[in-house]
Amino acid sequence: MPHAARPTVTLHDVAAAAGVSVATASRVLGGSTRKVAPEYEARVLAAAAALRYTVDASARAMRRASDSIALVADDLTTPSMGMVVAAMEREARAGGAFVTVSATMGAHERQLETVRLLRSLRPRALVLTSSRFVANALGGRLFKELAAYEKEGGRVVIVGETDMAFDAIGFDDYGAGRSAGAFLAETGHRRVAIFAGVRELRTVSDRTAGFVDGLRAGGVDERDIRIVTCAVSRSGGFDAAQRLAVEGMDGRQAVLAVNDIVAIGAMSGFRAAGINVPEDVSVTGIDDIPLAGDVTPRLTTVALPLAHAGAEAIRFALAEAGGEPRRLIVEGHLIVRDSTRPRQA
């Protein structure tokens, strides 16, 4: 008589026999680089041997999932985010991992839904980047979801402003704005417009506050600083410049834009209105995206180390869990190019 086929032994069977979680069994048998306590490792290996367990396709898939780092971002289409993601991918590959990406457009509910879905897939780490993450958002539900994921052995890294108790990398947006404002004041500009975007975004509000303080510290009267609300996009900068030109420049000698994309849109808007940059008006941005050095005139900007921040986020994600959450703040530096010109004070 033919022998009956031996029942397939699954990873769940091994985990149950060893008295550990499926995730722990997967790390031991799937070749994960994540550490497992020696006693648990011995129990898993003994159970696998007793049950004659062999690694199948599903277990290999679990191993691949454990090498993934999931990035949750607001918007993946911006040049600055492109620089961050590219650096993350390079650093992850060097560490034997890979990056998956999801966009939430900054909506808290969508962030929560995305984190819940990703948590079920058990990536090695979650990297979240947004203008600001706060512990009490959605009644604390997002924080609780992230905290539960870390208790399961995952890692959480936040790129942006946060009060959550996770590793975090932030940008000195206020300092970048202040540097740009001080530069324009020092070069004789006395009537300035700020293309500020929407204040609900922490990045935007911090940069705008820095602009104003830098200008005032350099002797610009606050009455001569005009804040113009616009979409944080190229078209937002273009439209804001067009509106300013139609209304009359009123002696405005310079524009400070909350990022390079808005600044580049503003230069196009001024050009279309017959206003020359920098002869008639100086334009300055923040970020130093690759396009900033290629447009005509080349854009004066405050360069933020976006690629460095992306790489550091992956290093945090791949590192062994430590004690207190780590905090890193990265600062920018001014790059003077052709879009600005000194004025007579």
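Keep in mind the model is a prediction, meaning the values are calculated, not measured.
- Contact between Arg43 and Gly19 at its shortest, heavy atoms only, is NH2-O, 3.1 Å.
- Within a 6.0 Å radius of OH in Tyr40, no more than 12 heavy atoms belonging to other residues, nucleotides or ligands are found.
- When atom types are taken as modelled, the side chain of Ser68 and the backbone of Pro123 share no donor-acceptor pair closer than 3.5 angstrom.
- Side chain of Asp13 to main chain of Thr10: a donor-acceptor pair is present (N/O by atom type, distance under 3.5 Å, no hydrogens or angles).
- Proximity of Leu244 to Arg226: side-chain heavy atoms (C-beta onward) are separated by under 4.5 Å at one or more points.
- Annotation: Glu324, atom CD; neighbour count of heavy atoms from other residues, nucleotides and ligands within 6.0 Å does not exceed 12.
- Looking only at side-chain heavy atoms (C-beta outward), Arg124 and Leu318 come within less than 4.5 Å of each other.
- Atom-to-atom distance recorded for Leu215:CG and Arg178:CZ is 10.0 Å, nearest 0.5 angstrom.
- Atom CZ of residue Phe270 and atom OG of residue Ser339 lie 11.5 Å apart, to the nearest 0.5 angstrom.
- In summary, Arg191 and Asp250 engage in a salt bridge, as defined by a charged side-chain N under 4.0 Å from a carboxylate O.
- Remark: side-chain polar atoms of Arg110 are not paired, donor with acceptor, to backbone N or O of Met105 under 3.5 angstrom.
- Not one N or O on the side chain of Tyr149 forms a donor-acceptor pair closer than 3.5 Å with the backbone of Arg116.
- Ile275 approaches Ala245 most closely through the heavy-atom pair CD1-CB, 3.6 Å.
- Ion pair Arg315/Glu312 flagged as a salt bridge, since at least one NZ, NE, NH1 or NH2 atom sits closer than 4.0 Å to an Asp/Glu carboxylate oxygen.
- The shortest side-chain heavy-atom distance between Ile225 and Phe211 does not fall under the 4.5 Å cut-off.
- Closest of all the heavy-atom pairs between Met88 and Ala313 is CE-CB, 4.0 Å.
- A donor atom on one side chain and an acceptor atom on the other are not found under 3.5 Å apart for Asp288 and Thr301.
- Judged by distance alone, the side chain of Thr300 and the main-chain N or O of Arg337 form a donor-acceptor pair under 3.5 Å.
- Contact check for Val277 versus Pro297: side-chain heavy atoms found under the 4.5 Å cut-off.
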Margin query: Let's go through Val159 and Leu71 carefully: what are the C-alpha distance in whole Å and the side-chain angles of both, what is the deciding distance for side-chain contact (heavy atoms from CB on, under 4.5 Å) to 0.1 Å, and is it a yes or a no?
Written below: CA-CA 10 Å; Val159 180; Leu71 170 64; over 6 Å; no

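- Between Arg155 and Asp167 a salt bridge is recorded (basic side-chain N to carboxylate O distance below 4.0 Å).
- In terms of modelled atom types and a separation under 3.5 Å, the side chain of Arg207 and the main chain of Ala196 share no donor-acceptor contact.
- Expressed to the nearest 0.5 Å, how far NE2 of His189 lies from CG of Asp224 amounts to 13.5 Å.
- Between Glu150 and Leu146 there is no side-chain heavy-atom pair separated by less than 4.5 Å.
- A distance of 10.5 Å separates CG in Asp75 from OG in Ser130, rounded to the nearest 0.5 Å.
- Side chain of Asp260 to main chain of Ile289: a donor-acceptor pair is present (N/O by atom type, distance under 3.5 Å, no hydrogens or angles).
- Closest of all the heavy-atom pairs between Ala254 and Leu184 is CB-CD1, 3.8 Å.
- Checked by atom type and distance alone, the side chain of Thr340 never pairs as donor or acceptor with a backbone atom of Val283 at under 3.5 Å.
- Rounding to the nearest 0.5 Å places CZ of Phe171 at 7.0 Å from OG1 of Thr129.
- Annotation for Leu304 and Ala176: closest pair CD2-CB, 4.3 Å, computed over non-hydrogen atoms.
- Going from atom CD1 of Ile227 over to atom OG1 of Thr208 covers 6.0 Å, rounded to the nearest 0.5 Å.
- Side-chain atoms of Ile314 and Val99, non-hydrogen and from C-beta on, do get closer than 4.5 Å to each other.
- The shortest side-chain heavy-atom distance between Leu128 and Val115 falls under the 4.5 Å cut-off.
- Residues Arg341 and Arg343 are in side-chain contact: their nearest non-hydrogen atoms beyond the backbone lie under 4.5 Å apart.
- Of all heavy-atom pairs spanning Ala303 and Ile335, the tightest one is CB-CD1, 3.6 Å.
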